[in-house]
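All ligand and atom numbering here is 1-based and tracks the order in the structure.
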Amino acid sequence: MDVLAEQFDVVIIGAGAAGMMAAIEAGKRGRRVAVLDHAKAPGEKIRISGGGRCNFTNIHASPKNFLSVNPHFCKSALARYTPHDFISLVDRYTIAWHEKTLGQLFCDDTAKDIIRMLLTEMKEVRAVLRLGAQIQTVDKTVSGFRVVTVDGAIDCSSLIVASGGKSIPKMGATGLAYKIAEQFGLPLVETRPALVPLTLDPAQLENLSTLAGVAVDAQVRCGKTAFEEAVLITHRGLSGPAILQISSYWREGGDIRLNLLPHVDIAALLRAARKDNGRQALQTALAEPLPKRLAQFFAEAAGMSNRPLADLSDKAIDAFCLTIKDWTITPAGSEGYRTAEVTLGGVDTRVLDSRTMQARDVPGLYFIGECVDVTGWLGGYNFQWAWASGFSAGQAA
Ligand SMILES: Cc1cc2nc3c(=O)[nH]c(=O)nc-3n(C[C@H](O)[C@H](O)[C@H](O)COP(=O)(O)OP(=O)(O)OC[C@H]3O[C@@H](n4cnc5c(N)ncnc54)[C@H](O)[C@@H]3O)c2cc1C
């Protein structure tokens, strides 16, 4: 052991949601903890999350809300630290919250309340936070690990890697966790941007140019997976919660299929409108359940603009309705890590212990949070994974 190296029991790389939770739990066990982060402030993603109000958990969180090559992996951690555990913590700090929709819990006031709460908890257990820490090397020692930063070396018996994924590099995402995993011979599941807007090619954009800014509640399907939430057509392509959700399942070259009226029997509605008033134009009848611009777009695309309903046979109505119920789009790509809320893939869970997050073949080395190949749906699930995996590692490291 080098006399010049500082000594801690646990070093955590990354003062994000997962790293801070792990620090609190390890600290409660009397472990001397140092959290290193190269950023100027901790929890920057918490600060900007949920439009500044942090969708900090989802009361319905269960393993089915997560993507992973190994879908069973997340079960243990999610069962050991549940949304109710985090809610209890939030309530203890009298942080007011509300359910927005679909079990998504947000702060009433500001996401900064969550950061302040975590920092207070860290302080209580005397966890040391080092910001602006530029990590140079990470190495195995006889008794643990040595982390060398520009400011010096730290020795520890447990090293928890909580440095997040690749999303939003502008906010300090570096992919360091993947480098550390590779250095220790741990496999990675290929990473890709997820919860991200999808882009369209210039011809598609030109075709949809009249629809930029239109929002509609729709069912969006990719293969066997479907989400029903808002879709927003933008000047770059498709966005909105339903598109972000499906982006985690979509692959280049594949289609997504939109049902713009999942709960309306539009064919029956048009037939009834034809009976009531055959002179009514198709897009006028269509504008009742759909935004006006979409109604016009579909009527024009079918070459039926201003056609009176009386002109349309049942067969023509059925064929037309299919274009609305099964609008098939092949996105050109996604906006990438620049705007992706999370990174899919990461450290392969098959080499981690699901109870502790420890690498089975590298005792003392743990991976938690977004850098692990566990990715949640949109709606507070990713923070729940960060809390739960951080808790599990903090209990063991
Ligand atoms: C715009 C946006 C909004 C979001 N909103 C929500 C939401 O409302 N609800 C939800 O559940 N999820 C949301 N997410 C996802 C959520 O923020 C992440 O899943 C979560 O922050 C992951 O936590 P983490 O601790 O694993 O990683 P991070 O929060 O990314 O923390 C990693 C930390 O490691 C540090 N770090 C990185 N590289 C290095 C390095 N080389 N050296 C030292 N330190 C390093 C970073 O500075 C950072 O502080 C959102 C994401 C984005 C981008």
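Residue contact check: Ile48 has heavy atoms under 4.0 Å from atoms 1 (C) of ligand 1. Of all atoms in ligand 1, numbered sequentially from 1 with element shown, those under 4.0 Å from a heavy atom of Gly380 are 9 (N), 10 (C), 11 (O). For ligand 1, the atoms closer than 4.0 angstrom to any heavy atom of Gly172 are 37 (C), 38 (N). Those atoms of ligand 1 that come under 4.0 Å of a heavy atom in Ile168, given as number and element, are 53 (C). In summary, the atoms of ligand 1 found under 4.0 Å from a heavy atom of Ala162, numbered by their order in the structure, are 32 (C), 33 (C), 34 (O). Remark: ligand 1 atoms within the under-4.0 Å shell around heavy atoms of Gly16 are 25 (O), 29 (O), 31 (O), 33 (C), 49 (O). Here is the list of ligand 1 atoms found below 4.0 Å of a heavy atom in Gly369: 26 (O). The distance from ligand 1 to the heavy atoms of Tyr381 drops below 4.0 Å at these ligand atoms: 11 (O).
A salt bridge links Asp314 with Arg274: the closest approach of a Lys/Arg side-chain nitrogen to an acidic carboxylate oxygen falls below 4.0 angstrom. With respect to the salt-bridge test (charged N to carboxylate O, under 4.0 angstrom), the residues Asp113 and Arg116 qualify. Electrostatic pairing of Glu182 and Lys179 does not count as a salt bridge here, judged by no charged N lying under 4.0 Å from a carboxylate O. The pair Arg360-Asp353 does not meet the salt-bridge criterion, since no charged nitrogen lies less than 4.0 angstrom from a carboxylate oxygen.
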Practice prompt. Step by step, work out the salt bridge (Lys or Arg N to Asp or Glu O under 4.0 Å) result for Asp318 and Lys325.
Written response: CA-CA 10 Å; Asp318 287 342; Lys325 288 268 186 191; over 6 Å; no

Practice prompt. Carefully, step by step, assess Lys28 and Glu25 under the rule salt bridge (Lys or Arg N to Asp or Glu O under 4.0 Å).
Written response: CA-CA 5 Å; Lys28 280 185 194 164; Glu25 290 308 317; 3.0 Å; yes

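Between Phe320 and Ile266, every side-chain heavy-atom pair lies at or beyond the 4.5 Å cut-off.
Ligand 1 has a nitrogen or oxygen under 3.5 angstrom from a nitrogen or oxygen of Ala17. On a distance-only criterion, Ala18 and ligand 1 share at least one N/O pair closer than 3.5 Å. Where the criterion is an N or O separation shorter than 3.5 Å, residue side chain and backbone included, Ala340 fails it with respect to ligand 1.
For Leu176, every heavy-atom contact with ligand 1 shorter than 4.0 Å involves the side chain, none the backbone. Residue contacts with ligand 1 for Leu195 are absent, since no atom lies close enough (heavy atoms, distance under 4.0 Å).
Here the heavy atom of the protein found nearest to atom 43 (C) of ligand 1 is His38 N, 3.2 Å. Here the heavy atom of the protein found nearest to atom 9 (N) of ligand 1 is Asn55 O, 2.9 Å. In this structure, the protein non-hydrogen atom closest to atom 27 (O) of ligand 1 is Gly164 CA, 3.5 Å. Among all non-hydrogen protein atoms, the one lying nearest atom 18 (C) of ligand 1 is Glu370 OE1, 3.3 Å. Shortest contact from atom 4 (C) of ligand 1 to any protein heavy atom: Glu341 OE1, 3.4 Å. Nearest to atom 6 (C) of ligand 1 among the protein's heavy atoms is Ser49 CB, 3.6 Å. Shortest contact from atom 38 (N) of ligand 1 to any protein heavy atom: Thr174 OG1, 2.6 Å. Of the protein's heavy atoms, Ser163 O, 3.3 Å lies nearest to atom 37 (C) of ligand 1.
Ring-plane geometry between Phe56 and Trp97 is classed as perpendicular, the angle between the planes exceeding 60 degrees on a 0 to 90 degree scale with a lower cut at 30. Between His98 and Phe106, the ring planes are parallel. Angles under 30° get that label, and only those over 60° would be called perpendicular. Ring geometry, Phe383 versus Trp387: the interplanar angle falls under 30°, so the pair is classed parallel (tilted spans 30 to 60°).
At a cut-off of 3.5 Å, with distance as the only test, no side-chain donor of Thr101 or Glu229 sits close to an acceptor on the other residue.
Not a single side chain to side chain donor-acceptor pair (under 3.5 Å) links Asn259 to another residue, sequence neighbours left out.
One option in Val372, Asp37, Ile12 has a heavy atom closer to atom 49 (O) of ligand 1 than any other, and that option is Asp37. The nearest non-hydrogen atom to atom 7 (C) of ligand 1, considering only Phe383, Trp377, Phe106, comes from Phe383.
Shown here is Arg80, whose CZ atom has more than 12 heavy atoms of other residues, nucleotides or ligands within 6.0 Å.
For the atom pair NE2 of His84 and CG of Asp91, the computed distance is 11.0 Å after rounding to the nearest 0.5 Å.
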